[in-house]
Amino acid sequence: MNPTAATGRLTAQIGARTQRILYGDGTAADAVAELDLTAQVDRAHLVMLVEQKLITPDATSGLLRCIEQLAAQRWQPVLARPAPRGQYLAY
């Protein structure tokens with residue numbers, strides 16, 4: 001049996017029309033604004049994870065640096081990638 005059968009998970013990339021229906025026709029500015037907000041949540045999540053000793057301070061620092069580098073580049077490395085399932089998963 002196919003391991004993704006009956007799971008509801010996509011087994012192939014969705015078409016352009018379906019992508020527009022699911023994710024809209026947002027602009028690059030919309031994507032940047034969304035990623036800015038997502039990064040805020042991720043920063044807070046990383047602080048909580050290190051405070052709960054679920055990840056190390058070094059790992060947290062490295063991840064926060066990556067987020068800051070992407071944000072400083074206005075998310076261009078993320079926006080330049082295909083995102084058939086949305087920008088969040090590309091990020």
Side-chain angles (χ1 to χ4, degrees):
M1 176 180 234
N2 181 340
T4 58
T7 64
R9 294 180 183 200
L10 297 175
T11 58
Q13 181 172 332
I14 59 176
R17 180 172 178 261
T18 304
Q19 285 182 32
R20 279 192 309 279
I21 291 168
L22 291 173
Y23 305 117
D25 287 323
T27 65
D30 294 334
V32 167
E34 180 180 336
L35 288 167
D36 283 341
L37 294 172
T38 299
Q40 273 188 289
V41 172
D42 286 347
R43 288 179 191 102
H45 192 192
L46 285 166
V47 169
M48 180 277 301
L49 289 171
V50 77
E51 286 177 347
Q52 295 301 310
K53 298 180 178 23
L54 295 171
I55 61 175
T56 67
D58 287 343
T60 301
S61 295
L63 290 166
L64 287 170
R65 268 194 308 278
C66 288
I67 292 170
E68 295 313 312
Q69 289 170 353
L70 288 168
Q73 297 173 62
R74 301 307 301 144
W75 308 101
Q76 288 309 306
V78 175
L79 298 175
R81 298 187 60 129
R85 295 180 64 196
Q87 290 299 325
Y88 176 75
L89 290 177
Y91 159 69

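Only heavy atoms go into these numbers, but all of them, side chains included; no hydrogens, no water, no symmetry mates.
- One distance of note links CG of Leu63 with NE2 of His45; it measures 11.0 Å at 0.5 Å rounding.
- Residues Val41 and Leu54 fall into different hydrophobic clusters, defined by Ile, Leu, Val, Met, Phe, Trp and Tyr side chains chained together at heavy-atom separations under 4.5 Å.
- With sequence neighbours left out, the side-chain contact (heavy atoms from CB on, under 4.5 Å) criterion links Thr56 to Asp58, Ala59.
- Taken from CZ in Arg43 to OG1 in Thr60, the straight-line distance is 13.5 Å, to the nearest 0.5 Å.
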Show every donor-acceptor pair shorter than 3.5 Å between a side-chain atom in residues 74-81 and any protein atom, with sequence neighbours excluded, or say none if there are none.
from	atom 1	to	atom 2	distance (Å)
Arg74	NH1	Asp36	OD1	3.4
Arg74	NH2	Asp36	OD2	2.9
Trp75	NE1	Asp36	OD1	2.7
Gln76	NE2	Arg74	O	3.4

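- Contact check for Ile67 versus Leu46: side-chain heavy atoms found under the 4.5 Å cut-off.
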